[in-house]
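Notes to accompany the following structure.
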Amino acid sequence: MKKYLIAFILLIGYISNLFPQSNISKSNNYEIMTASDSPSVNYTYATVPTQFVEANGIKFAYRSYGKQGDIPVIYFNHLTANLDNCDPRIMDSIAQYRHIISFDYRGVGASTGEQGTSIADMAKDAVGFINALGYKQVDIVAFSMGGFITQELLLQEPALARKIILAGTGPRGGEGVSDVVGLTYKDIFKGLFTFRDPKFYLFFTQNKTGKQAARDFLKRLKERTENRDEKVKLSVLKNQLKAIEKWGHDKPADLSVFKHPVLVVNGDNDRMVPTPNSYDLAKRFPNAEKVIIYPNSGHGGIFQYYGEFLEKAIPFLIK
């Protein structure tokens, strides 16, 4: 019993340090702007300031930059991700052509409130966040759990989205989606005992190519050295996993009513949201493009093949 208690304590400490402590507290010193402020193309994701906006009683932390335009690109992130978990290569490349915005979900990072246990509630928060910024329509790039939230957003406010990119994700009730809970905890413990970030295992294949891609990706996430986001709490992990498990057991939604242009991409060996879900998801959208599957890659295929992903994603977003 004692050894399990020690392991649990170590796990809590490990998870709480997955994301470096911000140099700035939630209560002060962040540069606060409004949606009317022009995002500068001179920023990179390593230097763009963190901003705040209030919606649904929550103070959402977000980062906004890139080429000015009426319709921004909103990036919906993955399980337990704060602002520092966006791949700067993807963010900076899109920012050259489009205004792009990333944000912390409720209770995550520097956003206030308590993380809920419903994907639909997360979508409701996202709608409130976008409305608070003053946008009537947005394009969406969503990864993993962000893709689940995007689908629920469509069910709530279909006119809010224009174009959608869905990476490493699947439909509600999809094959193996509810199994992400056990897999996540397993790889967290694996990361604990090997002194590695769990994303090393969760996002990438464990061959030579995948391991190098994992190291490169995790190195990129550390490029921002100042004004990093707040730590992600253990309660966020527990609540988000609970939400995913429930969503994975729910009945599939009817996505055939949505005529939005959709691009679905994934790796060919996704363990978190099994790759067949990508084909299933694309079939459910009547205006989806041909599914793109990257070889010898896992859940984080868009990070391993970010160059190839951007060659397709940017034309899709600007045409």
Side-chain angles (χ1 to χ4, degrees), residues 45 73-79 81 85-98 100-102 138-154 161-172 174-177 180 199 202-205 209-210 213-214 216-217 220-221 244 248 252-253 255 258-319:
Y45 201 70
V73 176
I74 309 293
Y75 183 75
F76 284 65
N77 221 333
H78 61 80
L79 170 74
N85 276 251
C86 301
D87 191 328
R89 295 298 176 275
I90 291 176
M91 302 300 285
D92 288 344
S93 295
I94 294 176
Q96 292 181 41
Y97 301 92
R98 297 289 305 279
I100 187 164
I101 300 170
S102 60
V138 300
D139 290 343
I140 295 174
V141 176
F143 172 63
S144 192
M145 187 182 77
F148 305 160
I149 298 170
T150 298
Q151 293 171 60
E152 294 298 322
L153 179 147
L154 284 176
R162 186 183 65 163
K163 297 181 179 180
I164 303 167
I165 297 178
L166 298 168
T169 192
R172 185 204 292 166
E175 175 190 348
V177 171
V180 72
K199 291 188 287 295
L202 290 167
F203 287 9
F204 300 92
T205 58
T209 300
D216 292 342
F217 170 68
R220 294 198 298 273
L221 296 187
I244 291 173
L255 304 177
F258 303 118
K259 310 304 180 183
H260 306 67
V262 173
L263 175 64
V264 178
V265 301
N266 204 350
D268 65 353
N269 188 25
D270 188 341
R271 296 168 57 238
M272 295 195 74
V273 185
T275 304
N277 284 289
S278 295
Y279 293 104
D280 184 11
L281 184 61
K283 288 178 181 178
R284 294 173 184 270
F285 284 104
N287 200 19
E289 299 199 1
K290 183 179 178 180
V291 178
I292 298 175
I293 302 295
Y294 300 110
N296 193 22
S297 60
H299 190 57
I302 63 168
F303 308 132
Q304 180 171 333
Y305 287 92
Y306 64 85
E308 290 84 348
F309 168 67
L310 290 164
E311 286 178 359
K312 183 68 177 181
I314 290 175
F316 176 83
L317 291 169
I318 64 177
K319 67 182 179 182

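Predicted, not measured: the structure shown is a model, and the values here were computed from it.
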Can you list the steps and then say if Met145 with Ile244 is a side-chain contact (heavy atoms from CB on, under 4.5 Å)? CA-CA 8 Å; Met145 187 182 77; Ile244 291 173; 3.8 Å; yes
Quick one: are [X] and [Y] in side-chain contact, heavy atoms under 4.5 Å?
X	Y	result
Phe203	Gln304	no
Val180	Val273	no
Asn296	Asn269	no

Using 30° and 60° as the class limits, which term best fits the ring planes of Phe143 and His78: parallel, tilted or perpendicular? perpendicular
Between Tyr294 and Tyr305, what is the ring plane arrangement, given parallel below 30°, perpendicular above 60°, and tilted in between?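 Tyr294 and Tyr305: parallel rings.
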Measure from the side-chain N and O atoms of [X] to the backbone N and O of [Y], and report whether any donor-acceptor pair falls under 3.5 Å.
X	Y	answer
Asp270	Gly267	no
Gln151	Gly147	yes
Asp139	Lys163	yes

Distance from [X] atom [atom1] to [Y] atom [atom2], nearest 0.5 Å?
X	Y	atom1	atom2	value
Leu255	Asp280	CG	CG	9.0 Å
Ile94	Cys86	CD1	SG	10.0 Å
Asn277	Asn266	CG	CG	8.5 Å
Phe309	Leu263	CZ	CG	7.0 Å
Phe148	Leu166	CZ	CG	10.5 Å

Using the side-chain contact (heavy atoms from CB on, under 4.5 Å) rule, take Ile90 and Tyr45 through it: C-alpha gap first, then chi angles, then the decisive distance, then the call. CA-CA 10 Å; Ile90 291 176; Tyr45 201 70; over 6 Å; no
My understanding is that only residues two or more places apart in sequence, or in another chain, count here; which of them pass salt bridge (Lys or Arg N to Asp or Glu O under 4.0 Å) with Glu175?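 Once residues adjacent in sequence are excluded, Glu175 has no partner under the salt bridge (Lys or Arg N to Asp or Glu O under 4.0 Å) criterion.
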Mind jotting down which residue pairs meet the salt bridge (Lys or Arg N to Asp or Glu O under 4.0 Å) criterion with at least one end in residues 308-319? Sequence neighbours excluded, please. Glu289-Lys312, Glu289-Lys319
Please find the pair of heavy atoms, one from Gly248 and one from Val177, that lie closest to each other, and give the distance.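 Scanning both residues, the minimum pair turns out to be CA-CG1, 3.8 Å.
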Tyr306: ring pair (Phe, Tyr, Trp, His ring centres under 6.0 Å) partners, not counting sequence neighbours: none
As a quick check of understanding, evaluate side-chain contact (heavy atoms from CB on, under 4.5 Å) for Tyr97 and Leu317, giving each step before the final call. CA-CA 9 Å; Tyr97 301 92; Leu317 291 169; over 6 Å; no
Quick one, Asn77 with Ser102, criterion side-chain contact (heavy atoms from CB on, under 4.5 Å). Give me CA distance, side-chain angles, the key distance, then yes/no. CA-CA 8 Å; Asn77 221 333; Ser102 60; over 6 Å; no
Between Arg220 and Asp216, is the closest basic N to carboxylate O distance under 4.0 Å? no
Paired with His260, the side chain to side chain contact (heavy atoms under 4.5 Å, CB included) test is passed by just one of Leu154, Asn287, Ile140, namely Leu154
